[in-house]
J.: 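Shown below is the structure under consideration.
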Amino acid sequence: MEMEQLVALCKRRGFLFQSSEIYGGINGFWDYGPLGVELKRNVREAWWHEMVTGHNELVAPPGAPSAYQMTGLECTIIMHPQVWKCSGHYDLFHDYMVDCRASKRRYRHDQVQGRWVKYGDQQVFVATELLGDEAVAETEARALKFFKLRNKDAGKLSWEGDVVSLTTIDDFSQVLGPDVKDLGTLTAPREFNLMFKTYIGALAGEEGAAFLRPETAQGMFVNFKNVCDSSRVKIPFGIAQIGKSFRNEITPRNFTFRSREFEQMEMEFFCHPDQSRAWYQYWRDRRYQWYLDLGLTSERLQMRDHDANELSHYSCGTADIEYGFPFLPPGEFGELEGVAHRGDFDLRSHMEGKLVRQGDELVVQKDEHDKPKYRGSGKDLTFFDDQTRERYVPHVIEPAAGADRATLAFLCEAYQVDQVPDAKGVPRERLYLRLHPRLAPMKAAVLPLVSKEGMPEVAQRVYSDLKREFNIFYDEKGAIGRRYARQDEAGTPLCITVDGQTLADDTVTFRDRDTLRQWRVKIDDCAVELSARIRAGLEQPAES
RNA sequence: GCGGGUGUAGCUCAAUGGUAGAGCAUCGGCUUCCCAAGCCGAGUACGAGGGUUCGAUUCCCUUCACCCGCUCCA
């Protein structure tokens, strides 16, 4: 399947539109259309039911170390700016960047360094991305080249001071960029904010600066104490949240896969440090199973454990659940969800202040006055176990999923083409969405076979009856084959057809989207049959 | 952010420095007892802004969006 075909289907049938399309669109933002909104709602609902409302805290699920509690939360998009300073997002997402006009490369302002060197009456700053001894050797070699000197003339260069950061320099006209032969090719440092910035209050000033959240997770951490104090939860327990997050991606691309406004489904699971590994394993496997259960059964879905050197500074283990999206080169996968063992990094950061790794330890990062670079809340976020009399900072397992990415993966997986004989028996190509019935925007369509002989009236009664309980669709326009085809493209798993026999014996025809199988059901049994079919899910694994 | 490519109807594609066309889809009507049939009718487009020109969808510039490659990707 080509991505363009899926994009065309999404537009044609009303799953996804470009945001603000009549004004030419806006890069990195997407709207869900009439069918898309139902699909995404179902994805969210499936996740929330799986994690929160459907969870039974009385029994340990298969594979879980113990029973556990689960609760939900909904936090604001704008939070106290200190949240992002302590979480590390401010420093990480808030860089000054320098572009090179000649090499076309971009550097982080604070990650370029170099040395001042003088030869004759010319003084030049030789810049490099290398560090330490490598930086010394690199700057020397490039200085010789720049002044067109031989290696034996190295003594003619007079170096001034040690390797220093580019941030110490105001005027870049005498700077030799890391990958070029000429001076002054670097642009002035420009603020490159991966977090969306806004201003609180009518008067815009830096003291009112705030950020749209780049992840929902911090809301759970800063509310950890509130949840403990108000809901009688005991460790182990989880807090789940679904909500919008925002990142100023440099290159939004690949349809909704990398959007600047996106929705996350995140859960923070708090447990005793000694049990954290077992819980990590549990959530890693459980979350993978969720995608399988909802129909991502092809080899396009995979779980990938991160290598040690790929782990975030705070993480003791991370696995990505990935999907081989059609817009990626063969063999490459895109992240749907990350399941991370975050240790006690987050709660401690909000207690003590922003942490950095020092050897095997996490310590509070200090500024030049040896004070905490970003102060924490100072609030006690430890947990006291009144059975064991133990007080500790819980460890956290975080399954963080992208709702839009999951929705896109379900659409990609569902996209199917097969051959179906038309009215004359000639095979004709059919496009349909093989969505899991729980995810399908419409659960069924009610169709009178022809619009006469009282069939529409009967069909409307069937429709009105089922509509109270199910999201279904009524259609009496056009030939029956055309109406089936429309529902196939919308991913509707079942069609309920009122025909001549209905008028005789009060039965209707059920028609299955994937197999085209038909069977008869009493009108009074339609709701039961529909429920059973939705619960049963997909019958066969997807081909191709 | 850089380089290359592409923007014409809901979709897929034509043509043209001088009134923009098709297929499919959509809507209305007729017909139709099971998979986009048939007949009649209808609506809808040159991404945006500027320039050259008597006249620009066409040529030029700018911009926006999408695709490919680089860069980036908690």
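In the text below, chain A, chain B and the rest are named by the order of the sequence lines, each starting its count at 1.
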J.: R483(A) has an atom CZ; how far is it from atom P of U32(B), in whole Å?
T.: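 Whole-Å distance recorded here is 14 Å.
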J.: Have a look at D488(A) and tell me which of R482(A), R511(A), R483(A) forms a salt bridge (charged side-chain N to carboxylate O under 4.0 Å, His left out) with it.
T.: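 Only one option passes, and that is R511(A).
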J.: From the options C34(B), U32(B), U12(B), select the nucleotide whose nearest atom is closest to the side chain of V450(A).
T.: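 Of the candidates, U32(B) comes closest.
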J.: Could you check whether R287(A) makes a cation-pi contact with W283(A), meaning its NZ or CZ is under 6.0 Å from the centre of the six-membered ring and within 45° of the ring axis?
T.: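 Geometry flag: not set, cation outside 6.0 Å or 45°.
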J.: Is it the case that more than 12 heavy atoms not belonging to R520(A) sit under 6.0 Å from its CZ atom?
T.: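 Atom CZ in R520(A) is packed in, count exceeds 12.
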J.: Taking only nitrogen or oxygen atoms into account, show me every contact under 3.5 Å that the protein makes with nucleotides 20-30 of chain B, one pair per line with its distance.
T.:
| residue | atom | partner | partner atom | Å |
| --- | --- | --- | --- | --- |
| A25(B) | OP1 | R482(A) | NH1 | 3.3 |
| U26(B) | OP1 | R486(A) | NH1 | 2.5 |
| U26(B) | OP2 | R482(A) | NH1 | 2.8 |

J.: Taking the inter-plane angle between the rings of F221(A) and F270(A) on a 0 to 90° scale, is it parallel (under 30°), tilted (30 to 60°) or perpendicular (over 60°)?
T.: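 Rings of F221(A) and F270(A): perpendicular, over 60°.
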J.: Give the C-alpha distance, both sets of side-chain angles, the deciding distance and a yes or no for ring-ring contact (aromatic ring centres under 6.0 Å, His included) between F327(A) and F257(A).
T.: CA-CA 10 Å; F327(A) 48 76; F257(A) 182 77; 5.7 Å; yes
J.: State whether a side-chain donor-acceptor pair under 3.5 Å links T497(A) with Y484(A).
T.: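 Checked: T497(A)/Y484(A) side chains pair up, N/O donor to acceptor below 3.5 Å.
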J.: Please name the nucleotide paired to C30(B) by Watson-Crick or G-U wobble geometry with both distances under 3.5 Å, or report none.
T.: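 In the structure as shown, C30(B) has G38(B) as its Watson-Crick or wobble partner.
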J.: Within the supplied structure, the quantity of interest is the number of heavy atoms (other residues, nucleotides, ligands) at a distance under 6.0 Å from E457(A) CD; does it exceed 12?
T.: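 Yes - once you tally the heavy atoms of other residues, nucleotides and ligands closer than 6.0 Å, there are more than 12.
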J.: Give every pair of a protein N or O atom and an N or O atom of nucleotides 66-68 of chain B that lie under 3.5 Å apart, one pair per line with the distance.
T.:
| residue | atom | partner | partner atom | Å |
| --- | --- | --- | --- | --- |
| C66(B) | OP1 | N27(A) | OD1 | 3.3 |
| C66(B) | OP2 | N27(A) | OD1 | 3.1 |
| C66(B) | OP2 | N27(A) | ND2 | 3.3 |
| C68(B) | N4 | R253(A) | NH2 | 3.4 |

J.: Look at all strands and tell whether E429(A) reaches a base, only sugar-phosphate, or nothing, counting heavy atoms closer than 4.0 Å.
T.: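 Nothing: the residue E429(A), judged by heavy atoms under 4.0 Å, touches no strand.
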J.: Do R430(A) side-chain and C35(B) base share a donor-acceptor contact under 3.5 Å?
T.: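 No pair found.
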J.: Which is more 5' along RNA chain B, the nucleotide nearest A485(A) or the one nearest E335(A)? Just name the residue.
T.: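 This one resolves to A485(A).
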J.: Check RNA chain B against residues 454-462 of chain A and give the residues with a non-hydrogen atom under 4.0 Å, in numerical order.
T.: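 Contacting residues: M455(A).
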J.: Is there a Watson-Crick or G-U wobble partner for G21(B) with both distances under 3.5 Å, and if so, which one is it?
T.: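 Across all strands, the one nucleotide that pairs with G21(B) is C13(B).
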J.: With distance as the sole criterion, do the side chain of Y484(A) and the base of C34(B) form a donor-acceptor contact below 3.5 Å?
T.: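 In this structure, the two groups form a donor-acceptor pair.
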J.: Mind calculating the distance between CG (L449(A)) and P (C34(B)) to the nearest angstrom?
T.: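 For the pair L449(A) CG and C34(B) P, the rounded distance is 7 Å.
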J.: Please check: side-chain N/O of R260(A) versus main-chain N/O of E249(A), any donor-acceptor pairing under 3.5 Å?
T.: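 Checking the backbone N and O of E249(A) against the side chain of R260(A), a donor-acceptor pair under 3.5 Å is found.
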J.: Is there a Watson-Crick or G-U wobble partner for C66(B) with both distances under 3.5 Å, and if so, which one is it?
T.: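 In the structure as shown, C66(B) has G5(B) as its Watson-Crick or wobble partner.
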J.: Applying a 3.5 Å limit to both distances, which nucleotide forms a Watson-Crick or G-U wobble pair with C72(B)?
T.: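 The base-pairing partner of C72(B), which may sit in any strand shown, does not exist here.
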J.: Strictly distance-based, threshold 3.5 Å: is any side-chain N or O of W30(A) a donor or acceptor partner for the main-chain N or O of F255(A)?
T.: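 Present.
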J.: Just checking, R430(A) and Y432(A): is the charged tip under 6.0 Å from the six-membered ring centre and within 45° of the axis?
T.: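 Ring-cation test returns yes.
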J.: Paired with A45(B): which nucleotide, if any, by Watson-Crick or G-U wobble criteria at under 3.5 Å for both distances?
T.: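 Pairing partner: none.
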J.: Could you tell me how the ring of F196(A) sits relative to the ring of F246(A): parallel (under 30°), tilted (30 to 60°) or perpendicular (over 60°)?
T.: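 Correct class here is perpendicular.
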J.: Which whole number of Å gives the distance between the C1' atom of G47(B) and that of U57(B)?
T.: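 Pairwise C1' distance, G47(B) against U57(B), rounds to 12 Å.
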J.: How close or far is atom P of C35(B) from atom CD of Q419(A), stated in whole angstroms?
T.: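 Distance check: Q419(A) CD to C35(B) P gives 16 Å.
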J.: Using atom C1' in both nucleotides, what's the gap between G10(B) and G29(B) to the nearest angstrom?
T.: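 After rounding to an integer number of Å, I get 22 Å for this pair.
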J.: Nearest whole angstrom, please: distance from the C1' of U12(B) to the CG of L431(A).
T.: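 Distance check: L431(A) CG to U12(B) C1' gives 14 Å.
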J.: Using the closest heavy atom to pick a nucleotide of RNA chain B for each, name whichever of H89(A) or Q518(A) lands nearer the 5' end.
T.: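 The residue whose closest nucleotide sits nearer the 5' end is Q518(A).
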J.: Is U58(B) paired to anything, Watson-Crick or G-U wobble with both distances less than 3.5 Å, and if yes, which nucleotide?
T.: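 Partner of U58(B): none.
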J.: For W84(A) and F211(A), what are the C-alpha separation, side-chain angles and deciding distance, and is it a ring-ring contact (aromatic ring centres under 6.0 Å, His included)?
T.: CA-CA 8 Å; W84(A) 309 113; F211(A) 300 95; 8.1 Å; no
J.: Using the C1' atom on both, measure A9(B) against A45(B) and round to a whole Å.
T.: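 My reading of the C1' atoms in A9(B) and A45(B) gives 4 Å.
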J.: Give a yes or no on whether Q419(A) atom CD has more than 12 heavy-atom contacts from other residues, nucleotides or ligands under 6.0 Å away.
T.: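 Counting other residues, nucleotides and ligands, CD of Q419(A) exceeds 12 neighbours.
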J.: Could you tell me how far U8(B) sits from G51(B) if I compare only their P atoms? Round to whole Å.
T.: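 Looking at atom P only, G51(B) and U8(B) are 24 Å apart.
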J.: Which part of the nucleic acid does L516(A) contact within heavy-atom distance under 4.0 Å: base, sugar-phosphate only, or nothing?
T.: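 Base, at least one base heavy atom under 4.0 Å.
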J.: Expressed as a whole number of angstroms, how long is the span from D418(A):CG to C35(B):C1'?
T.: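 Result: 11 Å.
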J.: Quantified in whole Å, what is the C1' atom distance between nucleotide C64(B) and nucleotide G50(B)?
T.: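 One C1' to the other, the span is 14 Å.
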J.: How many whole angstroms separate atom CG of L494(A) from atom C1' of C34(B)?
T.: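 Taking CG of L494(A) and C1' of C34(B), I get 16 Å after rounding.
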